[in-house]
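What follows is one structure encoded as structure tokens, with my remarks underneath.
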Amino acid sequence: MHRTLADDLSRLPELLQSARDFAAREVAGLAERPVAAPGRPPGRAPLPAEGAGGEGTLARFAERWAPGFSGSAGPRYLGFVTGGATPASVAGDWLTSTFDQNISGAGGSWAAELERETVAWLRELFGLGEAHSGAFVTGATVSNTVGLAIAREWLGERLGVDVSRSGAAALGPVDVLSGSPHSSVAKAMSVLGIGRDRLRRVPLLPGNREAVDVAALESALADLGGRPAIVVANAGTVNTVDFDDLRAIAALKERHDFWLHVDAAFGGFAALSPEYAMLVDGLDAADSVCVDLHKWLNVPYDAAVQFTRRRDLQVAVFHNSSPYLGLPTGEPDFLHLTPENSRRLRALPAWFSLVAYGRAGHREIVERNVALARRLGEGVDALPGLRLLAPVRLNVVCFTLAEEEPTQERVDALARAVAESGEAFLTPTVYGGVPALRAAFSNWRTTEADTRRVLDVLATASG
Ligand SMILES: *Cc1c(COP(=O)(O)O)cnc(C)c1O
């Protein structure tokens with residue numbers, strides 16, 4: 001064994017203690033460190049010829065790189081939909097690496113069964129029935145990709161084609177219909193050989209909405225002349241957190257032949273609160289469902305869950321069996337369900353957080369985030385330099401400069417001024433053709449006082 005490796009082995013407890021102390025200082029200072037990294041990253045160092053050992057490496061990381069990491073896990077990083085990592089989930093994440101299990105299959109370990117327990121809890125949390133099975137993936141993009149891959153296989157079933165063997169081309173042109181799809185849906189279509197251009201935007205409801213017009217969806221389906229299609233319903237759009245009427249869309253199945261995929265990446269968390277659960281009413285009727293976990297569950301990157309009612313088709317797409325062994329039966333190993341073969345125990349941080357805080361604790365995070373988004377929305381509305389572009393429907397505030405036609409440059413300058421203050425981080429968007437900013441609340445630590453600080457910096461920067 002190499003000398004430094006042997007040294008580290010003999011001092012492993014001390015190394016882990018140092019890493020723990022370092023992490024504890026970071027977490028303690030997280031709420032106060034600049035939210036966005038200042039300055040430029042260091043130049044590239046040469047590949048180390050001789051190793052520095054674990055302790056030396058920790059010191060080097062602390063000096064060269066850590067100062068430039070963002071406070072994205074902290075309470076005033078409101079860009080994208082980011083979320084942080086609950087205390088218990090961080091502990092679970094450390095132990096994922098400590099045990100370093102490969103969850104491709106059972107492999108002499110109980111770990112895969114822990115993933116199944118976690119998936120069953122999540123299914124219940126989001127109000128899905130037992131007909132849905134699930135698996136962990138790295139994020140909502142992959143969850144959407146897996147869902148659409150199963151949909152693609154279903155189209156093959158309807159058209160008498162084995163897509164997994166013959167390829168997507170055997171289907172001919174595929175129709176994917178959606179109102180306000182996330183950009184990752186087009187990416188998934190590209191990956192799956194369906195093609196980005198096959199995404200058809202269905203008109204939205206009138207009156208400043210991002211939800212699909214179900215009557216328009218029905219006539220788009222009718223125009224297909226009986227050809228089966230894929231519908232992507234959106235449960236929580238990123239700009240204004242609008243929700244498609246899932247129950248009404250599912251009811252269209254009585255008259256039209258389509259696979260219903262629901263992208264509930266963060267909107268699925270509405271199910272945790274009795275006040276907002278009606279927004280995802282009908283989710284259980286979906287054929288496949290995507291929910292992100294590194295967003296509103298507040299577990300570390302990267303984690304999402306993918307649910308489907310058609311595990312048989314999922315296995316047809318993703319199975320990794322030798323042809324002479326045949327398809328797996330019964331409870332398939334995870335390597336037959338997702339793009340990865342070898343997989344880390346991504347479920348453990350979620351398991352820790354669910355055990356530590358339960359349904360009630362995670363509901364409180366959701367409800368507090370929504371209340372704070374409303375508070376910020378009222379504050380923004382009252383500022384002379386800003387105006388809301390949409391009502392605060394759940395956890396995102398979408399707003400722009402008060403002037404009549406705000407330019408992209410002026411909005412970007414506002415975003416930059418906010419980031420440079422170190423107080424908050426917001427991401428730009430375009431809503432209804434208007435350059436805008438979004439403030440997305442999804443972090444477990446965000447408080448009323450944080451929201452006041454964000455409002456203060458917005459008042460200064462827009463004043
Ligand atoms: C964030 C998001 C995605 C993509 O999620 P990743 O975790 O970044 O892959 C997809 N859909 C919606 C609605 C999202 O908010």
Side-chain angles (χ1 to χ4, degrees), residues 70 72-73 77-85 89 122 126 134-149 151 176 178-192 196 199 201 204 209-212 230-244 246 249 260-271 276 279-280 283 286 288-307 338-340 346-347 349-350 366 369-370 373 390 393-398 425-429 431 438-443:
S70 73
S72 59
Y77 190 97
L78 307 180
F80 313 101
V81 181
T82 300
S89 76
L122 291 167
F126 300 124
F136 271 72
V137 289
T138 52
T141 301
V142 175
S143 181
N144 279 333
T145 305
V146 172
L148 294 183
V176 180
S178 191
S180 302
H182 187 265
S183 52
S184 60
V185 170
K187 177 171 174 171
M189 291 168 66
S190 166
V191 170
L192 294 169
R196 293 176 190 260
L199 181 55
R201 298 296 203 105
L204 307 177
R209 297 288 306 271
E210 288 190 297
V212 75
I230 300 170
V231 171
V232 175
N234 302 294
T237 57
V238 287
N239 275 339
T240 69
V241 201
D242 211 344
F243 288 75
D244 287 351
L246 303 179
I249 295 173
L260 177 56
H261 174 78
V262 180
D263 181 354
F266 67 96
F269 284 84
Y276 311 118
L279 294 169
V280 286
L283 185 65
S288 53
V289 176
C290 152
V291 190
D292 233 335
L293 302 176
H294 52 219
K295 289 176 180 164
W296 227 351
L297 193 68
N298 278 269
V299 297
Y301 290 99
D302 42 20
V305 64
Q306 197 284 321
F307 295 104
T338 62
E340 308 85 8
R346 203 163 261 118
V366 168
N369 285 159
V370 174
R393 297 198 174 93
L394 204 64
N395 61 324
V396 174
V397 186
C398 185
F425 189 82
L426 312 176
T427 34
T429 188
Y431 177 69
R438 300 164 59 259
F441 288 75
S442 56
N443 189 290

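Model, not experiment: these values are computed from the prediction. Start at 1 and go down the list; that is how both ligands and their atoms are numbered.
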Check step by step if side chain to side chain contact (heavy atoms under 4.5 Å, CB included) holds for L122 and F307. CA-CA 10 Å; L122 291 167; F307 295 104; 4.1 Å; yes
So which atom in F126 and which in L283 form the shortest heavy-atom distance, rounded to 0.1 Å? O-CD2, 3.7 Å
Can you run down the salt bridge (Lys or Arg N to Asp or Glu O under 4.0 Å) pairs that involve residues 137-149, sequence neighbours left out, and say none if there aren't any? none
At less than 4.0 angstrom from any atom of ligand 1, which residues have a non-hydrogen atom? List them by chain and residue number. G139, A140, T141, N144, H182, S184, G236, V238, D263, A265, F266, D292, H294, K295
Please check this pair: side chain of N395 against backbone of S442, looking for a donor-acceptor N/O pair closer than 3.5 Å. no
Donor-acceptor pair, side chain of S180 and main chain of E210, under 3.5 angstrom: yes
Is the backbone N or O of V137 less than 3.5 Å from a side-chain atom of Q306, with the two atoms forming a donor-acceptor pair by type? no
